[in-house]
Amino acid sequence: MNNSLRAIRGMRDVLPQETPIWQWLEGKFRHLTYRYGYQEMRLPLLEPVALFERAVGQATDIVSKEMYNFMDKSGEHITLRPEGTSGCMRAVLENNLCYNKTQRLWYQGPMFRYERPQKGRLRQFTQFGVEAFGMAGPDVDAEIIFMLRDLFQELGLTSHLRLEINSLGIPEERRAHREALVAWFSAHRDQLDEDSLNRLETNPLRILDSKNPDMQVMLNQAPRLLDFLQEESRQHFSAVCELLEKASIPYIVNPRLVRGLDYYTRTVFEWITDELGSQGTVCGGGRYDGLAQLFSPRPLAACGFAIGIERLLLLIQTVSQQDNPLWHFHPDVVIANERQDDGLKAQLLAERLRQQIDGLSVLVDCSGAKLKRQHQTALQSQCQAIVTLNSGGEIRLWDLASSQQMTLNEKDLIGWLQQHLH
Ligand code: HAM
């Protein structure tokens, strides 16, 4: 195909054979959020560039390299959202949703980052995210982790994911740590790669995130932010850890977990798998109590997480032992017709079947193909029964489970379908 007509690099179609598993997973998200009392938000895909510059941070990879920015026709500087938290916070403040009350919210949809595409990394990807506003205590940090444990258990993924957590403290604590970190890295400058040397000026905390094997020993000895936490942050972190222990959720404290967005304060966490190669972080999140004050005079405690749906699906498909029938679409009944001009009759029969039997999926073959070909297509669709209107005006039912075929009238057909399929 002409290259100019192909999908843009890093952006993929979700094809009809894939949508059932997406819908199945979306159903799990809806059920989960309902059970924990979270309400859905639907947010715009376009936001002002300035929102992310301020919220996510100028020095982050997302803002400095990965945003799809452009000028709209009125000269406004806008962007395709690279993540959901900033827009959700904007919407909460703009609509005064937290005036004298707390909010538990969730969203799902496409995000855009101009990254180098590879397995598990796209330029348009989909996040399912949850944000809780107006609650400052460690119990809410624990609640959102409980939700994730619940979800991963339901999906059969518990043994394939590990939870890593850390505390990034508050800005004063981070400043003290930053100074110690810059001093340490400056003393070990000869061991820093080019990327880290650049970050030394702009975002030294992110050097801790480096995967460069030659730097690991030095990085493991670098000053730990956890050692710079003061009483309140220390207590918050130990309360989260205690709640996780009481709820029997295994976790690893990773003092080098820093996250790629600047808005975090205190608790941060990631759920990571070893099954997907280098793009193993399925979910990331944490607390961001300072974000609201970049936009409004009033403080607003907040925490949340986002899951990359494409990565989660890759993991489900990689580790699942069995195929799940809900991951595929199969009509219950296919109606074939021997005479081409019985098309309308077939449609009317299908309509009566749908009306009589709630939830029945009936697909009418309108291809105009010969009956044998219609039957082949129906068998490929893995339907449960084929109904044929034959040239003599009879209804033939072919039960694919028993391979039995029978001639019956419409009333008996409905009775049979009710009994066998629903
Ligand atoms: P994030 O870690 O940047 O956090 O992204 C969350 C998840 O989105 C990642 O763990 C990953 O599964 C998925 N993801 C990110 N980039 C890509 C990509 N290029 N291709 C495929 N999947 C990707 C956030 O976005 C925060 N807003 C999370 C949050 C919510 N924190 C608090 N509330």
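Numbering of ligands and ligand atoms starts at 1, following listing order.
- Residue F125 places no N or O, backbone or side chain, under 3.5 Å from any N or O of ligand 1.
- One finds no salt bridge joining R266 and D141 here, because no Lys/Arg side-chain nitrogen approaches an Asp/Glu carboxylate oxygen to under 4.0 Å.
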Throw together a table of side-chain donor-acceptor distances under 3.5 angstrom for residues 300-315, partners on residues two or more places apart or in other chains.
residue : atom : partner : partner atom : Å
E310    : OE1  : T126    : N            : 2.8
E310    : OE2  : T126    : N            : 3.1
E310    : OE2  : T126    : OG1          : 2.7
R311    : NE   : G120    : O            : 2.7
R311    : NH1  : T281    : O            : 2.8
R311    : NH2  : G120    : O            : 3.2
R311    : NH2  : Q279    : OE1          : 3.0

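- Regarding atom 9 (C) of ligand 1, its nearest protein heavy-atom neighbour is T281 O, 3.8 Å.
- Between Q127 and ligand 1, an N or O atom pair is found at a separation short of 3.5 Å.
- Counting atoms of ligand 1 from 1 in the listed order, those under 4.0 Å from a heavy atom of G285 are 31 (N).
- Set against the non-hydrogen atoms of C283, the atoms of ligand 1 under 4.0 Å away are 10 (O).
- Using a 3.5 Å distance cut-off with no hydrogens or angles, the side chains of Y38 and E143 do pair a donor with an acceptor.
- Close approach to T85 involves these atoms of ligand 1, each under 4.0 Å from a residue heavy atom: 26 (C), 27 (N), 29 (C), 30 (C), 31 (N), 32 (C), 33 (N).
- For a threshold of 3.5 Å applied to N or O pairs, the pair formed by Y263 and ligand 1 contains at least one separation below that value.
- Residue V282 places at least one N or O, backbone or side chain, under 3.5 Å from an N or O of ligand 1.
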Anything under 3.5 Å between a donor and an acceptor, one on a side chain of residues 243-252, the other on a protein residue two or more places apart or in another chain? List them.
residue : atom : partner : partner atom : Å
E245    : OE2  : Y251    : OH           : 2.3
K246    : NZ   : E242    : OE2          : 3.1

**OP:** Evaluate ring pair (Phe, Tyr, Trp, His ring centres under 6.0 Å) for F29 paired with W106, printing each intermediate quantity in order.
**Re:** CA-CA 9 Å; F29 295 149; W106 71 273; 7.7 Å; no
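- Considering only non-hydrogen protein atoms, atom 4 (O) of ligand 1 sits nearest to R259 NH2, 2.9 Å.
- Nearest to atom 21 (C) of ligand 1 by heavy atom, out of G129, A132, G120, is G120.
- Q355 and R352 share no donor-acceptor pair across their side chains, judged by distance under 3.5 Å alone.
- Within the 4.5 Å cutoff, side-chain heavy atoms of Y288 are placed close to those of T85.
- The heavy atom nearest to atom 29 (C) of ligand 1, considering only W271, Y264, Y288, is found in Y264.
- Here is the list of ligand 1 atoms found below 4.0 Å of a heavy atom in L122: 18 (C), 19 (N), 20 (N), 21 (C).
- For the 3.5 Å distance criterion, the side chains of S296 and Q293 fail to qualify, holding no donor opposite an acceptor.
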